[in-house]
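Just so you know, ligand 1 is whichever comes first in the structure, and atom 1 is the first atom listed for that ligand.
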Amino acid sequence: MKETLLQRWQQVTEQIDKACADSNRDSVTLLAVSKTKPAQMIVELAQAGQVHFGENYLQEAAEKMAEIKDLGASSSATQAIVWHYIGHIQRNKTRDIAENFDWVHTIERDIIAKRLNDQRPDDLGKLNVLVQVNIDNEDSKSGCLPSKLDKLIAAIKGYDKLSLRGLMIIPSKEGTDAFERTKKLFDEIKQAHPELTQWDTLSMGMSGDMDQAIAQGSTMVRVGSAIFGARE
Ligand SMILES: *Cc1c(COP(=O)(O)O)cnc(C)c1O
């Protein structure tokens, strides 16, 4: 029999709990990646207790956020949703991101960080940000090269409306020890910058590799298809 959305979500949370137990890890945050999936599914999961949702496309996310507001006008569950932007960021889209999201995982250049900082509305509190690292130095991949990380972190540290929380990666398919190397980078930066008191998030692992990512130190897994089913 085909599993329902709630059953798949439950299975993923159990898989995460088991991966945590197997490697003596504290809890890992589940980010439900809802790109291409309808608002109704987000509402259903939010009502079951899922808090964090990730979107990649701004227009699509804006439409769903508006729809969810209508669907769940009286629901505290939908009001509690924490929105994460995990897509590529074009320079002319930073204002919409700064105004509508709680987290951004895909900072790769100072100019984008600066714009998000300048455009973050005062009444929303700080925007949580992660630096996306191009850990395998791939030409085709987004992300800050490891060699340029120090400079980018130094710049973001100066932005008072951003809270720098950690790193994010999308490893290359053949990537073998990318999780391990990113965890090492993450720890080195923490050591070198004790003033980054919010440095606590390592966003890595997706539907196909969340167990390995958790074993290697991920604190947040971004899971789409294992919860919502395959995308078109
Ligand atoms: C789509 C996406 C995911 C989720 O991928 P699945 O393999 O469906 O779990 C995670 N992270 C990013 C950045 C994505 O774009």
Side-chain angles (χ1 to χ4, degrees), residues 3-20 28-39 41-42 44-45 50-65 81-90 93-94 96-97 100-109 112 116 127-136 138 140-144 165-175 178-179 182-183 186 201-232:
E3 292 141 335
T4 65
L5 174 64
L6 284 182
Q7 282 167 339
R8 288 192 304 264
W9 173 71
Q10 189 69 43
Q11 282 163 8
V12 168
T13 62
E14 282 163 13
Q15 185 178 343
I16 291 169
D17 288 346
K18 182 169 185 311
C20 285
V28 163
T29 302
L30 170 58
L31 174 60
V33 176
S34 43
K35 63 175 173 224
T36 78
K37 301 297 178 179
M41 284 180 132
I42 298 174
E44 195 179 334
L45 286 186
Q50 175 64 33
V51 175
H52 298 273
F53 289 88
E55 289 283 340
N56 294 57
Y57 311 105
L58 205 49
Q59 181 63 32
E60 180 195 334
E63 284 167 16
K64 285 194 269 189
M65 285 176 188
I81 290 177
V82 175
W83 291 104
H84 296 241
Y85 188 80
I86 63 171
H88 183 70
I89 306 176
Q90 287 165 294
K93 299 286 168 56
T94 51
D96 285 335
I97 294 171
N100 290 291
F101 285 82
D102 306 293
W103 286 72
V104 175
H105 290 225
T106 43
I107 306 269
E108 55 178 336
R109 292 182 293 155
I112 298 295
L116 289 170
L127 179 64
N128 299 290
V129 299
L130 303 176
V131 171
Q132 180 175 356
V133 184
N134 184 350
I135 191 68
D136 292 311
E138 294 170 281
S140 60
K141 261 293 170 51
S142 307
C144 176
R165 302 292 297 266
L167 304 177
M168 176 272 212
I169 60 159
I170 307 172
S172 63
K173 292 267 188 295
E174 327 79 71
F179 293 145
T182 311
K183 166 66 168 155
F186 177 80
T201 303
L202 188 48
S203 166
M204 56 186 197
M206 316 202 295
S207 291
D209 56 11
M210 59 183 138
D211 291 345
Q212 297 94 299
I214 290 169
Q216 299 297 337
S218 168
T219 71
M220 188 182 286
V221 288
R222 309 180 307 267
V223 181
S225 45
I227 297 175
F228 294 98
R231 289 179 293 273
E232 292 294 301

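The shortest distance between side-chain heavy atoms of P171 and M204 does not fall below 4.5 Å. For the pair E44/Q50, no side-chain contact is recorded, criterion being any heavy-atom separation below 4.5 Å from C-beta on. By the 4.5 Å heavy-atom criterion applied to side chains, I227 and L5 are counted as neighbours.
Less than 4.0 angstrom separates some heavy atom of I86 from each of these atoms of ligand 1: 11 (N), 12 (C), 13 (C), 14 (C). Shown in contact with V223 at under 4.0 Å from a heavy atom are these atoms of ligand 1, numbered in order with element: 9 (O). Those atoms of ligand 1 that come under 4.0 Å of a heavy atom in R222, given as number and element, are 4 (C), 9 (O), 10 (C), 11 (N), 12 (C), 13 (C). Interface of N56 with ligand 1, defined as ligand atoms under 4.0 Å from a residue heavy atom, comprises 14 (C), 15 (O).
Protein heavy atom in closest approach to atom 10 (C) of ligand 1: M206 SD, 3.2 Å. For atom 5 (O) of ligand 1, the closest non-hydrogen atom of the protein is R231 NH2, 3.9 Å. Of all protein heavy atoms, the one lying nearest to atom 14 (C) of ligand 1 is K35 NZ, 3.0 Å. Of the protein's heavy atoms, S207 OG, 2.5 Å lies nearest to atom 9 (O) of ligand 1.
Ring pair Y85/F101 is perpendicular by interplanar angle, where above 60° counts as perpendicular and below 30° as parallel.
Using modelled atom types, one finds a donor on one side chain and an acceptor on the other under 3.5 Å when comparing Q59 with E63.
When only interatomic distances are considered, the shortest N/O to N/O separation between G224 and ligand 1 falls below 3.5 Å.
Using a cutoff of 4.0 Å between basic side-chain nitrogens and carboxylate oxygens, K18 and E14 are not scored as salt-bridged.
Contacts with ligand 1 closer than 4.0 Å are made by side-chain heavy atoms of I170 only, the backbone lying farther away. At a 4.0 Å heavy-atom cut-off, ligand 1 does not touch H105 at all.
Between I169 and A178, the shortest heavy-atom contact is CD1-O, 4.0 Å.
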